Amino acid sequence: MTNEVMNRTIFLTGAVLGLLAVLLGAFGAHGLGKLVDVNAIKTFETGVKYQMYHALFLLILANVYKIPEQKKKWVFYCVLVGGILFSFSIYALATNGLTSFDFKSIAFLTPIGGTFFILGWILLAYYGFKSLK
C-alpha cells in the first residue's frame with residue numbers, strides 16, 4: 001500500500017467514525033432517553049466522546065507526512081481496534097437492558113480497547129519524536 005492510499009484509508013476511516021459518532025450522539029441525546037436510565041445515557045455519551053476524539057486523531061494522522069507509512073499503519077490499527085473495542089463495547093453495555101443478550105459478559109473488551117488507544121498515542125509520540133531527528 002502506498003503512502004497516498006494509506007493516508008486516504010486513514011482519512012476515510014476517521015471521517016466515517018466521526019459521522020457515526022455524530023449519528024450515535026444524536027441517537028443518545030434524543031432517542032435513548034426513553035429507553036434507558038440517565039446513567040446509561042452518560043455511559044453511552046462517553047463512548048461517543050472517545051469515538052469522536054479518535055476520529056479526529058485519525059484525520060490528523062492522515063495528514064502527518066513525517067511518519068513513515070509502515071509505522072503510521074501501526075498507529076492507525078491501534079486506534080481503530082481501540083475504537084471498536086472501547087466505544088462499541090460501551091454502547092452495548094449502555095443499552096444492555098434492551099436486548100436478551102447480557103453485554104456485561106463482554107465488559108472486559110472496554111479496558112482492552114482503552115489500552116489500544118493508549119498504545120496508539122504512545123506510538124504516535126514515539127514515531128513522531130524519532131522522525132524529527
Side-chain angles (χ1 to χ4, degrees):
M1 191 179 300
T2 66
N3 271 345
E4 184 178 329
V5 172
M6 187 69 215
N7 289 333
R8 279 184 175 176
T9 300
I10 294 169
F11 188 87
L12 180 60
T13 303
V16 169
L17 288 174
L19 170 65
L20 285 174
V22 170
L23 292 172
L24 289 167
F27 170 69
H30 302 291
L32 203 54
K34 301 170 188 130
L35 304 172
V36 297
D37 65 23
V38 175
N39 287 334
I41 291 172
K42 286 183 181 182
T43 299
F44 195 88
E45 288 172 350
T46 298
V48 170
K49 185 176 8 175
Y50 277 83
Q51 182 175 331
M52 183 57 83
Y53 291 157
H54 289 86
L56 296 171
F57 176 107
L58 292 177
L59 294 176
I60 293 167
L61 179 65
N63 290 289
V64 173
Y65 294 99
K66 289 269 190 188
I67 298 174
E69 172 198 347
Q70 193 60 33
K71 296 185 184 325
K72 189 184 283 190
K73 195 182 295 188
W74 282 107
V75 176
F76 169 63
Y77 291 147
C78 286
V79 171
L80 182 60
V81 169
I84 291 167
L85 295 179
F86 184 86
S87 291
F88 287 88
S89 66
I90 286 182
Y91 302 145
L93 290 166
T95 58
N96 192 46
L98 302 177
T99 67
S100 59
F101 183 80
D102 185 10
F103 286 107
K104 291 178 184 172
S105 64
I106 64 160
F108 68 93
L109 295 176
T110 307
I112 293 171
T115 302
F116 273 98
F117 276 157
I118 292 166
L119 184 57
W121 283 99
I122 289 170
L123 289 175
L124 177 68
Y126 178 73
Y127 295 147
F129 180 76
K130 281 190 73 168
S131 71
L132 294 175
K133 290 182 177 182

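Note that the structure is a prediction, hence the values are computed from the model and not measured.
For the side chain to side chain contact (heavy atoms under 4.5 Å, CB included) test with Val79, the passing option among Leu58, Ile10, Leu17 is Leu58; the others fail.
Nearest approach of Ala55 to Gly14, heavy atoms of both residues: CB-O, 3.3 Å. Taking both residues in full, the closest heavy atoms of Leu85 and Gly113 are given as CB-CA, 3.6 Å, listed atom of the first, atom of the second, then distance. Minimum interatomic distance between Gly47 and Ser87 (heavy atoms only, all atoms of both residues): O-OG, 2.9 Å. Nearest heavy-atom pair across His30 and Lys34 is O-NZ, 3.6 Å. What you find for Gln51 and Ala21 is that their closest heavy atoms are NE2-N, 3.4 Å.
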Legend entry - Worked check of side chain to side chain contact (heavy atoms under 4.5 Å, CB included) between Asn63 and Tyr65: CA-CA 6 Å; Asn63 290 289; Tyr65 294 99; 3.8 Å; yes
Inset, instruction - Determine, step by step, whether Lys42 and Val38 satisfy the side chain to side chain contact (heavy atoms under 4.5 Å, CB included) criterion, reporting the C-alpha distance in whole Å, the side-chain angles of both residues, the deciding distance to 0.1 Å, and the verdict. - result: CA-CA 6 Å; Lys42 286 183 181 182; Val38 175; 4.1 Å; yes
Inset, instruction - Verify side chain to side chain donor-acceptor pair (under 3.5 Å) between Lys72 and Asn7, making sure each step is shown before the conclusion. - result: CA-CA 9 Å; Lys72 189 184 283 190; Asn7 289 333; 2.7 Å; yes
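Within 6.0 Å of CZ in Phe103 there are more than 12 heavy atoms belonging to other residues, nucleotides or ligands. Residue Phe27 qualifies as enclosed at atom CZ: its count of foreign heavy atoms under 6.0 Å is above 12. Counting non-hydrogen atoms of other residues, nucleotides and ligands closer than 6.0 Å to CZ of Phe116 gives a total of 12 or fewer.
Contact of the Ile67 side chain with the Val75 side chain is not registered, since no non-hydrogen atoms from C-beta on lie closer than 4.5 Å. Considering only heavy atoms from C-beta on, Phe57 comes within 4.5 Å of Leu124 through its side chain. Annotation: side chain of Leu56 is in contact with side chain of Leu59 (closest heavy-atom distance under 4.5 Å).
Residue Thr95 holds its OG1 atom at 11.5 Å from CD1 of Ile90, rounded to the nearest 0.5 Å. Separation of atoms CG (Leu20) and CE (Met52) is listed at 9.5 Å; rounding is to 0.5 Å. With values rounded to the nearest 0.5 angstrom, Ile112 atom CD1 is found 13.5 Å from Phe117 atom CZ. Considering OG1 of Thr46 and OH of Tyr91, their distance stands at 10.0 Å, rounded to 0.5 Å. Going from atom CZ of Phe88 over to atom CG of Leu93 covers 13.5 Å, rounded to the nearest 0.5 Å. Atom CG of Leu32 is separated from atom CG of Leu98 by 7.0 Å, given to the nearest 0.5 angstrom.
Between His54 and Trp121, the ring-plane angle classifies as perpendicular under the 30° and 60° cut-offs.
Close placement of the Tyr50 and Tyr53 rings is indicated, their centers lying within 6.0 Å of each other.
The hydrophobic cluster containing Ile41 also contains Leu35, counting ILVMFWY residues as joined when their side-chain heavy atoms lie under 4.5 angstrom apart, directly or transitively. Phe101 and Leu109 fall within the same hydrophobic cluster, defined by Ile, Leu, Val, Met, Phe, Trp and Tyr side-chain heavy atoms under 4.5 Å apart, directly or through other members. Note on Phe76: it does not cluster hydrophobically with Phe11, by side-chain heavy-atom contacts below 4.5 Å among ILVMFWY residues. Hydrophobic clustering (side-chain heavy atoms under 4.5 Å, transitive across Ile, Leu, Val, Met, Phe, Trp, Tyr) groups Ile60 together with Leu119. Tyr126 and Tyr77 fall within a single hydrophobic cluster, where Ile, Leu, Val, Met, Phe, Trp and Tyr side chains are chained together by heavy-atom contacts under 4.5 Å.
Between Glu4 and Arg8, at least one side-chain nitrogen of the basic residue sits less than 4.0 Å from a carboxylate oxygen of the acidic one, meeting the salt-bridge criterion.
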